[in-house]
Structures are given as structure tokens and as C-alpha cells.
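For reference, the structure discussed in these notes is given below.
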Number of protein chains: 2
Amino acid sequence: MPSNDNDAFSQFIRKLDQLGTLNESDRAAVRSLPFQSQAVPRHYLIVREGEQATDCCILLSGYACRHKTTQSGGRQIVSFHVPGDILDLQHLLLDRADHSVQSITEVRIAVIPAAHIKRLAETHPAIADALWRDSLIEASIFREWVLNVGRRDAKQRVAHMLCEFASRRENAGQGSPERFEFPMSQEQIADATGLTPVHVNRMLAALDKDGVIVRNNREVEITDWTRMQQIADFNPAYLHAAA
Amino acid sequence: MPSNDNDAFSQFIRKLDQLGTLNESDRAAVRSLPFQSQAVPRHYLIVREGEQATDCCILLSGYACRHKTTQSGGRQIVSFHVPGDILDLQHLLLDRADHSVQSITEVRIAVIPAAHIKRLAETHPAIADALWRDSLIEASIFREWVLNVGRRDAKQRVAHMLCEFASRRENAGQGSPERFEFPMSQEQIADATGLTPVHVNRMLAALDKDGVIVRNNREVEITDWTRMQQIADFNPAYLHAAA
DNA sequence: CGTAGGTTTGACTGATCTCAAGTTTGGTGG
DNA sequence: CCACCAAACTTGAGATCAGTCAAACCTACG
């Protein structure tokens, strides 16, 4: 496997380090995990809802999301993911995937048998702690999404999503939250916010007109981060990021 | 403390037993946890958003919920809880509460210092597993709520909520899912589904007219469980309940 | 260039909200 | 046992935010 995969794997260690206090032996144990690196094209279904899954994936590069669908075909994205994120930690302890995981962009993932991560957690309490903490933070983000979709109006929802994306990107060391390539189509934003693509388009235009963002194809610049957070009702406390 | 608290505590052990495989020593360790039993009136705030929390609460009897609010005062209930549930496992590993916990009915809780539960988990891997599994199931429920609020129409949302309540009640050994006392006011249902109380009222009336439920004050009878599940688009897989 | 996927815009529709007025229920005190 | 009160529930009419449908316009890419 190419050396830059190991570099990328260090993204994961970086994240664990943010989540708890690892010592050198912990880090070494993570580094020695057997894994298979895999390149995945955009829009590819990595995990299918209902499947029995025995692997865990770590996102090395690119962006991914998880989604669920209603009987009538409505699609709801329930979270998006940045490099370093574990895409399906839940397969450590739950049998069947209750949702699908899909790449947004081209993506590089490390596939690790769940059993290995489980053993790692059993032998390294600090890692177990970090992983558990990660599950709890994820849950907190889901709660915020319930609030976002349930009680904010369309403009706020879209703005909130942009704020979260900008923040999490930054926390993952992917650069400034004020100017970045936004990888999702307006249809995907719609699926994440419980809106229609047409209305998302209008809300983006409204934010643009408000002077808080400037769009250039898929590049977004947040020109007034303070006002943007106000409009979005965004308070990053729920991300429980290291200070 | 009255003896029925210990009985009620066994509700929690029952739940852990459903979540994993405990041996007698595990159970004994749980039973010997120091805890303070507390009676709480209805509508009481047990945990306040933003607070630093060092205790975990277990719900012994009655119903509770968690909620978040927007800047503009919109309130969103993000989950409800049945006896045996741990109300704030997250305080084991996260500093500040990102949401509030409130009793719905009169409630009896066991308050346990988080540190004790943490130590219990460290010394009893089976319990750590069960607790972690519980966190993951909670996260799955949040994902379903995002879908519910984001992509289902008003009637489906209300129906789905009733189905989940009925199922979780039953899983917690609180009796038949086909006829039960429903503890939430229509305003609380509204806050859980992202609707207004007025519209919840109309949707309940519609479900009644459809012949799938019969209401009698706060008592609900689901007269056609199969059709109710269809209307609600309810598939209990996401609850990851023991078969 | 031609095509496909994505974005933008306009006109119309409709589900849900808002406001406001009753009605029922349950608890409390006389 | 009844009268009263607050809280919760119900119903109606009108307003509005977001959805639908449909067409036109970009942009990247083969």
C-alpha cells in the first residue's frame, strides 16, 4: 500500500488524540491495525441499510454521508463525514446497519475488521474511551440535527449545515472555515435539511443576498462568520470539540 | 431507601441483560452501585442544557424526555425515555450537557455519580459493552428521528412516534403495545414531531377517523397495529431490540 | 460541440401555521 | 356534591412558507 495511506491513517490518530489522552503504546497499537486501503468513486454506496456488516471504515480523504429512506422513497441524510471520521463504529456492537453510508466525493477509506477494533478497545482502555466518546459526540450531533430539521426555518437550516461543515472541516485540519470547497450538490443539501433542491437554491441565494456568503461554483466563502452564526443559530458547543 | 427502589433498580439490570451477556458478578456489581433514589414531580428539569453534570440518572419509573431549544425559543424534544433507561450516560465522557432532561410524568430516578459508573465499566467489560451498545442504539434512534422530522408528513410523524412509544414501552416490560396510557400532552407530541399542537390534534383525529387508534383521554388503543405501522412507515429494526 | 448533471427562475399549489373562539377534563375548595 | 378554575383539547378561517411543475441556463467533460 502506498505510503500516503499511512500518512492519512495518522489523521485518524490525530482525531483519537483530540478525543482522549493516548500514550505512545496506544498510538503504536492503532498504527499496527491491519487495514485495507480502498479508493472509492463518488456517490458509491459503502454500506447498505439492512446489511450485516463486520467491517469498520475510516475515512482517509474526501467526504461521505449517511442516509436513510422512507418507504415512499424520501431520502434523508443524517450526517456527513470529514477525513479521520469512523464511518460505522456501530458495527462493533450492532448487527445490522440501520442506514446506508455513501461517498459524496471520491474517497479513500481504510477497511478494518470490526473484531480487530474491538480487541484494540479491550486491550487499550484509553482507546476504548476515545471511541466511546466519539459515539457520544456523534449522538450529540444527531440531536442537533433533529432540532435543526424540526424547529428551524429553511434559511436557518441551510446556514446551520454550512456552519457545521465549516467547523468540522476545520477541526479535522482541513483548513480555514471561512473559505472552502463545498462538496455537496444542492440536492444533497436538500436531503440533509429536509427541504427540496429548489428551495435550497433559493435559500443559498438569500444568504448570498444577505451578504454572509459568496458562492463560486462549489466554492463557498463565509464573508461574515459572526452574522452567519447568528442567522444559523449555530452554537458549536454540541460538537464537543477540544477547546 | 424503600425496598421497591431495589426492585425498580432491577429494571436497569434487566435492560443491561437485554443489551449484552452479564454474569452474576456483573449483576452484583451493578446492584452494589451507590445511588440516591429521588422522587421528581412532573415537568421537572432534571438536567439543564449547558450545565456541567457529574451524575448519571437512571429512570426507575415514569416517563421523561430530552429537549433542546433554538435561540428564538422553539423547543424540540429529541427523545423520550421509559423505565430502565439511562438518562445521561453521556456525562460519563462529555463535560457539558448539550440538552436538557425533563420529567414528563411524576418520576422516580436513581442518581449515581458518573465516576462510579465509569469505574464499573472499567472493571467489568461486559457492562462496558452493554453501556456502549446502549449509546449506539440511542444514536440509531436519533437518526430515525432526523428521518421522521425531515421526510415524513405530519400524520406519519405522529403515528411513528406512537409506534415507537408503544414498542419501547413493551421492550421495557411495561405491558402491551396495543393499549396504554400515553403520558404526553399534545403540545409535547408537537415538540417531538416538529409540528404545532393544533396540527397534532388534527392528525390524531385523522388517525382516529382512519380507524387505527381510539383515544380516551390520555389512553390510546391501537386497534390495527399492522395498518398503523404502514401509515407510520414504522420498522422497528432501528431500535435494535433483542429478538 | 453535444450531452448530462446540476443550478436558477417563475407561476402556482398545498400542507402546515397562526390566531382566535369554544369545549372538555380534572382538580380544589366551599 | 357542586361550583369554579386552569390546563388541555377541539374546531374554524385565513395566512404563509415551502413544495411542485416546468422551462431555461450553466458547467464540466468526453
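Below, chains carry the letters A, B, ... as their sequence lines are ordered, and counting in each starts from 1. Computed from a predicted model, the values in this text were never measured in an experiment.
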For Arg218(A) and dC26(D), what is the distance between atoms CZ and P respectively, to the nearest whole Å? 17 Å
Return each pair, listed once, that meets side-chain hydrogen bond (donor to acceptor under 3.5 Å, both in side chains) where at least one residue sits in residues 200-211 of chain B; pairs must be two or more places apart or across chains. Lys155(B)-Asp210(B), Gln186(B)-Asn201(B), Asp208(B)-Arg215(B)
Please report, rounded to the nearest Å, how far the C1' atom of dC17(D) is from the CZ atom of Arg152(A). 18 Å
Interface polar pairs with nucleotides 18-21 of chain C, N/O, under 3.5 angstrom:
| unit_1 | atom_1 | unit_2 | atom_2 | d |
| --- | --- | --- | --- | --- |
| dT18(C) | O4 | Arg202(B) | NH2 | 3.1 |

Please determine whether the number of non-hydrogen atoms from other residues, nucleotides or ligands lying under 6.0 Å from atom CD of Glu106(A) exceeds 12. no
Assert yes or no for the condition that the ring centre distance of Tyr238(B) to His160(B) is strictly below 6.0 Å. yes
Choose from dA18(D), dG6(C), dA8(D) the nucleotide whose nearest atom is closest to any side-chain atom of Asp153(A). dA18(D)
Could you tell me how far apart Gln188(A) (CD) and dG6(C) (C1') are, to the nearest whole angstrom? 11 Å
Hey, is the side chain of Gln186(A) poking within less than 4.0 Å of OP1 or OP2 on dT8(C), counting only N and O atoms? yes
Rounded distance in Å - CD (Glu106(A)) to P (dA28(D)): 16 Å
Qualifying residues under salt bridge (Lys or Arg N to Asp or Glu O under 4.0 Å), relative to Asp233(B), sequence neighbours excluded: Arg152(B)
Which part of the nucleic acid, if any, lies within contact of Arg157(A), taking any heavy atom under 4.0 Å across all strands shown: a base, the sugar-phosphate backbone alone, or nothing? nothing
Value in whole Å for how far the C1' atom of dT9(C) lies from CE of Met203(A): 13 Å
Can you tell me how far P of dA7(D) sits from NE2 of His43(B), to the nearest Å? 11 Å
Strictly below 4.0 Å, heavy-atom distances to any atom of DNA chain D: list the hits from residues 204-215 of chain A, or just say none. none
What nucleotide among dT27(D), dG6(C), dT8(C) has an atom nearest to a side-chain atom of Asn217(A)? dT27(D)
When the distance from CG of Asn201(A) to C1' of dA11(C) is rounded to whole Å, what number comes out? 16 Å
Separation of dC26(D) atom P from Asn216(A) atom CG, nearest Å, is 15 Å
What residues, two or more places apart in sequence or in another chain, satisfy side-chain hydrogen bond (donor to acceptor under 3.5 Å, both in side chains) together with Arg96(A)? Gln52(A)
My understanding is that only residues two or more places apart in sequence, or in another chain, count here; which of them pass side-chain hydrogen bond (donor to acceptor under 3.5 Å, both in side chains) with Arg169(A)? Tyr63(A)
